Amino acid sequence: MVLMDGKKLANTIQEDIAKEVLELSQRGVTPSLAVILVGNDPASQTYVNMKAKACKKVGITSILYEMPANIAQKDLLGMIENLNNNNNLDGILIQLPLPAHINTDEILESVLPHKDVDGFHTQNSGKLHSGISGFVPATPLGIMSLLRHYNIDIKGKDVVIIGASNIVGKPLSALMLNAGATVSICHIHTKDIDSYTKRADIICVAVGKKNLLTKNMVKEGVTIVDIGINRLDNGKIVGDVDFENVSPLCAFITPVPGGVGPMTIVSLLQNTLKSAKARASRISLSL
Ligand code: NAD
């Protein structure tokens, strides 16, 4: 069994990003990301802090906008409009989930697609599903980088994704399909998930339920990507896979923590850099 070390790979990628950021900054384009945090959900605060720390490490400017939980929809939209109009800003990230009174879809649609480094705008998700270059959500992007790094073949493989959210399961299914896999997406209403997972070559689990995937559900030699994050009462973080009993059967598996999490953050940095590079080429074209 090979452990897919996302932390190590993310560190290597970060070093490359830092070099490119320095080069761009010397040309007068410092990659910049605006992060909007609404309310004071502790998990969201942790994620936002992790992203800010990673930006700082590679030289990307990140600006955090902390807004009260009771912010009105129109005020949030107005704020995004200002950020859209700021020509020195490459990315706008809205930390999810937003409070229940906010229409999240409308907020995500209000971000200019070329600043949508989270890849949640329908223009970017449409491009992804059509196999056209755009911004791809960070978690699926990071998973594909990790699989590529470990030379895991996807073409012609049976891939099962458990979890069908807009931020993980659905975009990941599009990437896998574009890479030539035969993809099944399972979710809360899927009958007999075992019948899918037992024949899968690659299983990606993104549900948020510990021990969802157990050893009797997988075949020997499977590759498993565990995306889930579950905090136990003792503070320990675990994924969705019964790691102790499933990992001996695997060819490759990601640990939690240290697998998909660091790859997600580094992919956000890659997207921000990509946006800054596009800005730099727009500037040089206009000179
Ligand atoms: P979500 O709640 O939006 O979606 C969960 C999905 O799981 C849904 O499609 C639902 O139908 C499905 N589901 C729920 N119960 C199920 C069951 N018993 N059997 C099969 N399917 C079931 O969640 P999300 O935002 O996609 O996140 C999923 C998990 O991944 C969470 O634990 C989240 O914290 C984690 N996550 C991790 C990263 C990372 O960087 N590591 C990034 C994003 C999300």
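Note that ligands are numbered from 1 as they come in the structure, with each ligand's atoms numbered from 1 the same way. As the structure is a prediction and not an experimental result, all values here were calculated from the model.
Judged by distance alone, the side chain of N124 and the main-chain N or O of F135 form a donor-acceptor pair under 3.5 Å. No side-chain donor-acceptor contact under 3.5 Å links D242 to the backbone of L213. Between the T139 side chain and the P137 main chain, no donor and acceptor come within less than 3.5 Å of each other.
Enumerated by chain and number, the residues approaching ligand 1 to less than 4.0 Å through a heavy atom are T139, I162, G163, A164, S165, I167, V168, H187, I188, I193, A206, V207, G208, L212, I227, G228, I229, V260, G261, T264.
At most 12 heavy atoms of other shown residues, nucleotides or ligands fall within 6.0 angstrom of atom NZ in K215.
For the side chain to side chain contact (heavy atoms under 4.5 Å, CB included) criterion with V205, the lone passing option out of V168, I161, D240 is D240.
Defined by atom type and a distance below 3.5 Å, a donor-acceptor pair is missing between the side-chain atoms of E81 and S110.
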